[in-house]
Amino acid sequence: MSPSKQNLAAPRGMRDFYPDEMLRRSFVFDAWTRASRRFGFEQYDACVVETLELLKRKGGEEIVQQIYAFADKSGRELALRPEMTPTLARMIAARHGELAFPVKWFTIAQCFRYERMTKGRRREHYQWNLDIVGEPALTAEVEVLAAAADAMGMMGLTASDVRIRVNHRALLGELLARSGIPADQHPSVFLALDKRDKVDDLTPFLTQAGLDQSAIASVNRLLEVESLDDAAQLLGEDSAAVHALNELFERLSRYDLSSMIQFDISVIRGLGYYTGIVFEAYDTARTGRAIFGGGRYDNLLTEIGGKPTTAVGLGFGDVVIADLLEEKNLFDGCSPSRDVTVGYMTDSERDAAVEVACALRKAGQSVDLATHTEKPKQFFSRADKKGFREAAYIGPDDVAAGSCRLKTMADGEERVMPLIGKSEVSSQK
RNA sequence: GCGGGUGUAGCUCAGUUGGUUAGAGCGUCAGGUUGUGAUCCUGAAAGUCGCGGGUUCGAGUCCCGUCACUCGCCCCA
């Protein structure tokens with residue numbers, strides 16, 4: 001059967017990275033890695049395949065349907081990880097006794113989820129995970145947020161491009177309790193609040209959630225909470241959540257991040273396992289999906305069987321950020337960084353070309369050596385298209401003269417390089 | 001799971017009320033130019049018109065089905 005176009009495409013939702021796409025991916029990965037290192041995080045990695053049990057335990061049954069699960073030849077139930085946090089929790093728990101807490105770890109993890117594809121969402125993606133485990137103090141949230149902001153800064157994004165929205169789960173709980181809404185109705189109300197940007201009137205959702213009219217009125221009042229001061233007025237000064245958020249904003253101002261961070265009562269995030277401060281970053285126009293999200297999850301390690309350990313973490317995917325960087329032309333600087341290509345006219349010049357390539361490589365340059373003879377026109381045309389900074393074309397005349405010329409593609413300037421001496425490579429640029 | 005849009009060359013797309021040999025631009029390759037790229041000129045290769053069926057003298061075009069891609073909804077990293 002001859003291959004059809006269908007068979008040549010990657011499976012649905014899976015991604016190939018051709019060289020030009022790889023450049024952009026590396027641009028993002030580099031920013032993540034540099035920010036992680038700059039903030040003192042250690043890199044780790046783990047297997048892509050986990051036991052289904054580990055993944056189920058954390059996410060509950062709903063998420064299981066989105067997991068790429070399979071049985072191996074011994075019948076073990078395994079799965080491609082849909083996220084990194086259970087793996088992190090497993091690794092921490094496995095060596096809990098020997099780790100010096102707090103632990104600051106980062107990874108760029110390939111994750112899989114079987115779900116309907118839409119803009120900004122694929123079945124496979126890479127996610128930067130940044131976690132501080134074993135630190136109950138607010139410093140953990142502050143450093144994680146600052147590192148994320150630093151990474152975005154390295155990608156060229158500023159406070160006019162992105163906004164990090166912060167909330168506190170306890171704050172919402174306190175506000176709802178203050179409004180007389182019993183705790184068992186909170187999850188439904190969270191769901192409804194999460195839709196505030198998508199629907200005009202929340203009343204039908206809240207009614208469905210079992211709230212009576214006065215409770216609905218209370219929720220609608222909550223929606224008018226636009227600032228932390230508004231919340232503080234409702235809750236009073238003794239609110240721990242208000243205090244924590246104020247403290248967070250105060251501390252982030254020391255990092256010069258005030259213009260990028262704002263309070264937003266509608267940030268809910270993973271209803272089940274976040275326990276404290278939660279945050280999400282969006283483009284300022286708020287047209288796309290969340291760029292990253294995270295928060296404090298103090299119970300997760302206990303849930304997988306580890307000792308009680310506090311944690312703050314974030315997940316920052318590569319798909320949404322790539323869309324944003326593309327839209328803002330911030331990938332423009334991405335180009336292959338190859339310095340020189342060396343070509344030759346006939347096989348008689350091949351040895352001289354090898355000599356030139358070796359000398360330049362020894363001098364630390366990235367050098368492409370032609371794999372076969374080329375006519376000058378072919379060679380320079382290729383050198384131009386592939387974006388080499390310099391090109392050296394060696395023919396019989398050069399070998400006879402004992403030197404060759406390195407041509408700077410941008411301006412046509414040439415510099416001479418000796419052929420036989422092979423010791424001196426005139427300093428570049 | 002639900003709904004919309006789109007499938008024609010490697011890419012982006014045109015293709016008239018159904019009509020004879022399916023086009024353009026870009027890209028690729030070659031030549032003009034056997035020692036010098038970008039511009040220019042000439043030429044070439046490249047198509048199961050997503051797939052299957054139907055209507056018709058005749059289907060890229062109309063109908064039915066199907067698959068794929070894509071954008072929303074739901075949900076979520």
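Chain naming here is simple, since letters A, B, ... match the order of the sequence lines and numbering starts at 1 in each. This structure is a prediction, so every number in the text was calculated from the model and none was measured.
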Looking only at the side chain of [X] (C-beta and beyond, no hydrogens), which of the listed nucleotides [options] gets closest?
X	options	value
A:H125	B:rG35, B:rG37, B:rA77	B:rA77
A:R289	B:rC75, B:rA77, B:rC69	B:rC75
A:R113	B:rC69, B:rA77, B:rC29	B:rA77
A:R12	B:rG35, B:rU36, B:rA68	B:rA68

For a quick test of reading the model: is some side-chain N or O of [X] closer than 4.0 Å to OP1 or OP2 of [N]?
X	N	result
A:R405	B:rU36	no
A:R122	B:rU70	yes
A:K375	B:rA30	no
A:Q378	B:rA30	yes

Can you check the [X] [atom1] to [N] [atom2] distance for me, whole Å?
X	N	atom1	atom2	result
A:K386	B:rA38	NZ	P	16 Å
A:M345	B:rU34	CE	C1'	7 Å
A:E374	B:rA30	CD	P	10 Å
A:R15	B:rU70	CZ	P	12 Å
A:K407	B:rA38	NZ	P	10 Å
A:E83	B:rC75	CD	P	19 Å
A:K377	B:rG32	NZ	P	8 Å
A:D397	B:rU34	CG	P	15 Å

Looking for any heavy atom pair under 4.0 Å, which part of the strands does [X] touch: base, sugar-phosphate only, or nothing?
X	value
A:G317	nothing
A:M84	nothing
A:G412	base

Taking any strand in view, what nucleotide pairs with [N] in a Watson-Crick or G-U wobble way, both distances under 3.5 Å?
N	value
B:rG58	none
B:rC69	B:rG5
B:rC49	none
B:rG10	B:rC26

Taking atom types as modelled, is there a side-chain donor on [X] or [Y] under 3.5 Å from an acceptor on the other?
X	Y	result
A:D264	A:Y282	no
A:E349	A:Y393	no
A:S381	A:K377	no

Distance, [atom1] atom - from [M] to [N], rounded to whole angstrom:
N	M	atom1	answer
B:rU8	B:rC69	P	14 Å
B:rA14	B:rA22	C1'	11 Å
B:rG15	B:rG7	C1'	15 Å
B:rG54	B:rU61	C1'	15 Å
B:rC11	B:rU70	P	14 Å
B:rU39	B:rA45	P	24 Å
B:rG53	B:rC67	C1'	14 Å
B:rU34	B:rA59	P	50 Å

When you measure from the side chain of A:N167 to the backbone of A:V267, do you find a donor-acceptor pair of N or O atoms at a distance under 3.5 Å?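 Yes.
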Taking A:Y126's backbone N and O only, do any of them form a donor-acceptor pair with A:D318's side chain (distance below 3.5 Å, no angle check)?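 Present.
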Does A:D384 form a salt bridge (Lys or Arg N to Asp or Glu O under 4.0 Å) with A:R382? I'd like the steps, not just the answer. CA-CA 5 Å; A:D384 181 43; A:R382 180 173 64 81; over 6 Å; no
Upstream residue (5' side of RNA chain B) when A:D384 and A:G13 are each assigned their closest nucleotide: A:D384
A:R123 or A:T408: which one's nearest nucleotide on RNA chain B is closer to the 5' end?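 Closer to the 5' end of RNA chain B: A:T408.
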Does A:K407 come within less than 4.0 Å of A:E413, counting only side-chain N to carboxylate O? no
